[in-house]
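The basis for the numbers below is simple: all heavy atoms, side chains too, and nothing from hydrogens, waters or symmetry mates. Here the structure is a predicted model, which means the values were calculated and not measured. Throughout, protein chains are lettered first and strands after them, A, B, ... in sequence-line order, and every chain is numbered starting at 1.
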There are 2 protein chains.
Amino acid sequence: MGAGESTTAKRADARRNEKALLDAAAAVFVSDGVDAPVRRIAAEAGVGMGTIYRHFPTRADLVVAVYRHQVDACAEAGPALLASAESPFAALRQWVDLFVDFLVTKHGLAAATRNDPDGFATLHGLFLERLLPVLTDILAAARAAGEIVDVPAYQLLRAIGDICAGAERVDPDYDAKLTIRLLLDGIRG
Amino acid sequence: MGAGESTTAKRADARRNEKALLDAAAAVFVSDGVDAPVRRIAAEAGVGMGTIYRHFPTRADLVVAVYRHQVDACAEAGPALLASAESPFAALRQWVDLFVDFLVTKHGLAAATRNDPDGFATLHGLFLERLLPVLTDILAAARAAGEIVDVPAYQLLRAIGDICAGAERVDPDYDAKLTIRLLLDGIRG
DNA sequence: GAATATACGGAGCAGTGTTCCGTTTGGCAA
DNA sequence: TTGCCAAACGGAACACTGCTCCGTATATTC
């Protein structure tokens, strides 16, 4: 056990198909939402049903693979904002804006998440792993500066996620960003 | 046009089946969630597929019919709370608690809402019609007392709805009521 | 006791997720 | 180069669901 290079490299066609699936999924997610039929994604990638399930056993696996680097970007922006903003709370605002923008542009992302408990866990895992530490640091800084009350990072992260999930339906009379602004006001000490 | 008693009364078997469907739906919603298959509800009521669709063309119609009186109760509690609470903001807190309790006990209610745009409109219509006026009054009173900033009732109503919708999945580390408490703190002036 | 509008039931169609297995193909050894 | 075989593929097939449609049954009326 242990060493990474392990048994055998993936076959060339397998690598090619995985790439094709990622590209196809990204395109279809944009045009049809993350709930798009599996068949549609497979067709777009020019592969069969079996292939898509072999590479990405669950829909969440595919979603995570497609969006991973965007989540990474969001995570990496955290420390920079903390360093550049005029206060930790300002950094918090800006970082939350980033996160919200990511969520609302992925139509149906959070909603899709909600449908099956397993997919929930997978996608949630990504957020927890990449974003929670970042938010925790920002909140700690703001807390240390006496700008906010004590609130668990997970609590805030998920609140934002849920609010954005609900806001995926367009409605001129509802502004999710306002809700989040009010929520941030609420945690201000 | 106009007069209500109108053409002819419904047939006795139709009335009976509608009642049976409401009872069956209420039971199935509790055990299987509001997403329960139509066939299941029909079977529970001992009627055919056609009958359920004739009485309740969309799932949302059935949901609204099942929960209407609970929503009414919530609406009617508003003025009473406003009169008895020690301040309009206290009344707001209490009324929101009522609403949240209603939402979280109806597993999958808001989530089901989210799936189809039409159902969304129907269920939303009920909330808008019954609850929005009540919340508007409470907010106006709190605003007049200088306890809160100006925020549209619809904005708050929907924010709460979305937060509860997301919170339907049980998670010991997340507390939707805390999020809502923070949100209320946020609108406090 | 007919006649008729009303209501019923469930078969059937269409769309989707998921599995399973016969077929193809890439990589490697001879 | 050729032959082998594990790896990978493709899509038919199954299960489940929402929804419609129409032949049948029945409540109501005269």
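- For B:D13, the salt bridge (Lys or Arg N to Asp or Glu O under 4.0 Å) partners are B:R11, not counting sequence neighbours.
- Distances shorter than 4.0 Å separate some side-chain N or O of A:N17 from OP1 or OP2 on D:dC9.
- By the side chain to side chain contact (heavy atoms under 4.5 Å, CB included) test, A:A153 is found to be paired with A:L132, A:L135, A:T136, A:L139, residues two or more places apart in sequence or in another chain being considered.
- Taking the side chain as every heavy atom from C-beta outward, A:T179 and B:D162 never approach each other to under 4.5 Å.
- Residues that satisfy the salt bridge (Lys or Arg N to Asp or Glu O under 4.0 Å) test with B:D61, not counting sequence neighbours, are absent from this structure.
- Both A:L178 and B:I160 belong to a single network of hydrophobic side chains, linked directly or stepwise wherever heavy atoms of I, L, V, M, F, W or Y lie under 4.5 Å apart.
- Residues that satisfy the ring pair (Phe, Tyr, Trp, His ring centres under 6.0 Å) test with A:Y154, not counting sequence neighbours, are A:H124.
- Every residue two or more places apart in sequence or in another chain that forms a side chain to side chain contact (heavy atoms under 4.5 Å, CB included) with A:E18 is listed here: A:K10, A:H55, A:F56.
- In this structure, the CE atom of B:M49 is 14 Å from the P atom of C:dC8, given to the nearest Å.
- Residue pairs satisfying the side-chain hydrogen bond (donor to acceptor under 3.5 Å, both in side chains) criterion with at least one member in residues 180-189 of chain A, sequence neighbours excluded, are listed as follows: A:D185-A:R188.
- B:R15 places no side-chain N or O within 3.5 Å of a backbone atom of B:A9 that could act as its donor or acceptor partner.
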Next item on the list: Spell out protein contact along nucleotides 24-30 of chain C as letters: B when the base is contacted, S when just the sugar-phosphate is, - when no protein heavy atom is under 4.0 Å; keep the 5' to 3' order.
Entry: -BSS---
Which pairs of donor and acceptor atoms, one on a side chain in residues 64-75 of chain B, lie under 3.5 Å apart (sequence neighbours left out)?
from  : atom 1 : to     : atom 2 : distance (Å)
B:Q70 : OE1    : B:K106 : NZ     : 3.3
B:D72 : OD1    : B:R130 : NE     : 2.5
B:D72 : OD1    : B:R130 : NH2    : 3.0

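- Applying a 4.0 Å cut-off to non-hydrogen atoms, the residues of residues 38-48 of chain B that approach DNA chain C are B:R39, B:G46, B:V47, B:G48, listed by residue number.
- A heavy-atom distance below 4.0 Å to DNA chain C is reached by none of the residues of residues 18-28 of chain B.
- Every residue meeting the salt bridge (Lys or Arg N to Asp or Glu O under 4.0 Å) condition with A:D150, not counting sequence neighbours, appears here in chain and number order: A:R143.
- Residues from residues 50-57 of chain A with heavy atoms under 4.0 angstrom of DNA chain D, sorted by number: A:G50, A:T51, A:R54, A:H55.
- Looking only at distances, a side-chain donor or acceptor of B:R158 sits under 3.5 Å from a matching main-chain atom of A:G166.
- Nucleotide D:dC19 holds its P atom 12 Å from the CG atom of B:L62, rounded to whole Å.
- Within the 4.5 Å cutoff, the side chain of A:C164 has heavy atoms near those of the A:I180 side chain.
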